[in-house]
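Below is one structure; the comments refer to it alone.
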Amino acid sequence: MTIHFILNGEKTTLNVTPDRRAVDVLREDCGRTGTKEGCGAGECGACTILVDGESRLSCLMLAAQLEGRKITTIEGMAVRDSLHPLQNAFIRHGAVQCGFCTPGMILAATSLMNHNPHPTRADIRAGLSGNLCRCTGYQKIVDAVEAAVRLEEEKS
Amino acid sequence: MTQVYLPRTLTELWTYLDGEPEALIYTGGTDLLVKMPAENANTAPALICLERLGELRCIRETADSILIGSTTTHAELLRHPLILAQLPVLAQALQTLGSPLIRNMGTIGGNICTASPAGDTLPPLYILEAEVELHSRKAVRILPIREFISGPGKTQLQKGEILSGVAVKKPADYNIHHFEKVGQRKSMACAVASMAALLRLSPSGLIEAARLALGSVGPTVVTATAIDESLIGKKLSLTSLAATAERIRQLVAPIDDVRASADYRRTVSGNLLLRLLDARTQ
Ligand SMILES: Cc1cc2nc3c(=O)[nH]c(=O)nc-3n(C[C@H](O)[C@H](O)[C@H](O)COP(=O)(O)OP(=O)(O)OC[C@H]3O[C@@H](n4cnc5c(N)ncnc54)[C@H](O)[C@@H]3O)c2cc1C
Ligand code: FES
Ligand code: FES
């Protein structure tokens, strides 16, 4: 079937088998390999993407479900050469080690901030509780998101 | 290859179902697509995803009840003022369900139809006297949730039928709403045992009405009028609850599995009642 959707701001038209998983379509057909597959079963959050601005697991979505949606993957977060404030904060706070969980963490944090622009540390922990990290121990990830939240608050 | 249909209206749904009567239905996919990874999806004759069925994505109130459309996600429920204000026991359960990602995708209809003994919305729905609404092209029927769910993973859903919504009575008579789930960790953990409770406490602190339901400790949600009645007239104190806690331990019928032993579940079910001591009136 032919599907039309917006991928990171670009109109995209693809010919796909409707029952392929969204994570495979994004990685293999669209070359957006920033979206990772960890468990393929909803448990790890590595495959997190934004669908119309809200976090979803692309391993539990089929290609047909992309139709008509605005999809954001980690590749769509930076604006040309300037990284998204969350990406900068992750670098500055040492929140990236192997990096496998990072795209999912950043997109989950974006979704959290869309719904709650002033999250507390506890809110951040709860908001990222569906994303597993095997390296950092989470502390630095929470630090990074908190710093990005404070930066946004200062701006506004 | 399996065709995937995304009906936007019930009329479209019935047309797809007429063409593909053996199609599998899903909404958030957080149960169905986990059980059926994409490699096997092509063994299904067709898939019908209800995520865009706007008619069923709703929360409405009448004078004495609240109606929740089946395709409403857990996250939408948790953001809705009616649910937060009138159904705290359901909101507390939803907060423990899966993770933010699972709550953005998973739906109340999916949780009910999966009919897992560990389904977190089920103990609250049982004590809220929920009735499910089942829709087919030709008819609508209403069943109490305890009749709809007939065993672990088993429901009365018939071919050509979908769950369109669930209606609960407003629990106006109760001033304590309480839900607690014990799992292996806080997030993304299936319940080892859970308890939902509605109580009415008199100004002098006596229990005037009680409804309890336990999850994950039997083939379906466990409730018992005798247990509820044994609390009437008692104070919320350790000594007065201890006897009922013991009766709960005898009543439940848990199993051993990878998450916990039957013995542990039995002990925890009784202890969950004692946690009512920490519950606060609304
Ligand atoms: C990592 C992870 C963690 C989880 N944690 C929890 C948890 O803590 N507590 C818990 O209770 N559950 C948990 N679940 C299970 C699941 O997320 C919930 O049961 C969720 O509510 C299912 O909703 P869904 O819309 O995704 O269901 P789907 O997968 O879309 O469907 C589930 C079943 O219901 C049927 N169905 C769905 N909607 C309808 C309808 N409207 N009419 C007729 N049939 C329908 C489908 O045919 C299928 O059999 C978890 C799942 C995952 C992957
Ligand atoms: S790969 Fe999707 S949640 Fe793990
Ligand atoms: S940085 Fe390695 S998994 Fe998080």
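Values below: every heavy atom of this structure, side chains too, minus hydrogens, waters and symmetry copies. Order of the sequence lines fixes the chain letters, A, B, ..., with proteins taken first and strands second; residue numbering starts at 1 for each chain.
- Open room surrounds CZ on B:R275; 12 or fewer heavy atoms of other groups in view lie less than 6.0 Å from it.
- For B:R60, the CZ atom sits in a loose shell: 12 or fewer heavy atoms of surrounding residues, nucleotides or ligands are nearer than 6.0 Å.
- Neither the backbone nor the side chain of A:A108 comes within less than 4.5 Å of any heavy atom in chain B.
- Heavy atoms of B:Y5 lying under 4.5 Å from chain A are absent altogether.
- At most 12 non-hydrogen atoms from other residues, nucleotides or ligands lie less than 6.0 angstrom from CZ of B:R8.
- Closest approach of A:L60 to B:M105, counting heavy atoms only: O-CE, 3.6 Å.
- Counted within 6.0 Å of CD on A:E153, heavy atoms from surrounding residues, nucleotides or ligands total more than 12; the atom is thus considered enclosed.
- In this structure, the side chain to side chain contact (heavy atoms under 4.5 Å, CB included) partners of B:P117, at least two apart in sequence or on a different chain, are B:P152.
- Expressed to the nearest 0.5 Å, how far CD of A:E54 lies from OG1 of B:T73 amounts to 6.5 Å.
- Of the listed residues B:L101, B:L6, B:V4, the one with more heavy-atom pairs under 4.5 angstrom with chain A than any other is B:L101.
- Contact count against chain B (heavy-atom pairs under 4.5 Å) is highest for A:E67 among A:M61, A:E67, A:M1.
- Residues B:P100 and A:G130 share a closest heavy-atom pair of CD-N, 4.0 Å.
- Counting non-hydrogen atoms of other residues, nucleotides and ligands closer than 6.0 Å to OH of A:Y138 gives a total above 12.
- When each of A:A64, A:A63, A:S55, A:G127 is checked for heavy-atom pairs under 4.5 Å with chain B, A:S55 comes out on top.
- A:P18 has its side chain within reach of B:M1: a pair of non-hydrogen atoms, C-beta onward, lies under 4.5 Å apart.
- No part of B:R103 comes within reach of chain A, as not one of its non-hydrogen atoms sits under 4.5 angstrom from that chain.
- To the nearest 0.5 Å, the span separating CG on A:L57 from CD1 on B:I102 amounts to 5.5 Å.
- With a threshold of 4.5 angstrom between heavy atoms, A:L132 approaches chain B through side-chain atoms but not through N, CA, C or O.
- A salt bridge does not link A:R56 to B:E51: none of the charged nitrogens lies less than 4.0 Å from a carboxylate oxygen.
- Contact count versus chain B (heavy atoms, under 4.5 Å) is highest, among A:E43, A:H115, A:Q65, for A:Q65.
- Nearest heavy-atom pair across A:A41 and B:V34 is O-CG2, 3.7 Å.
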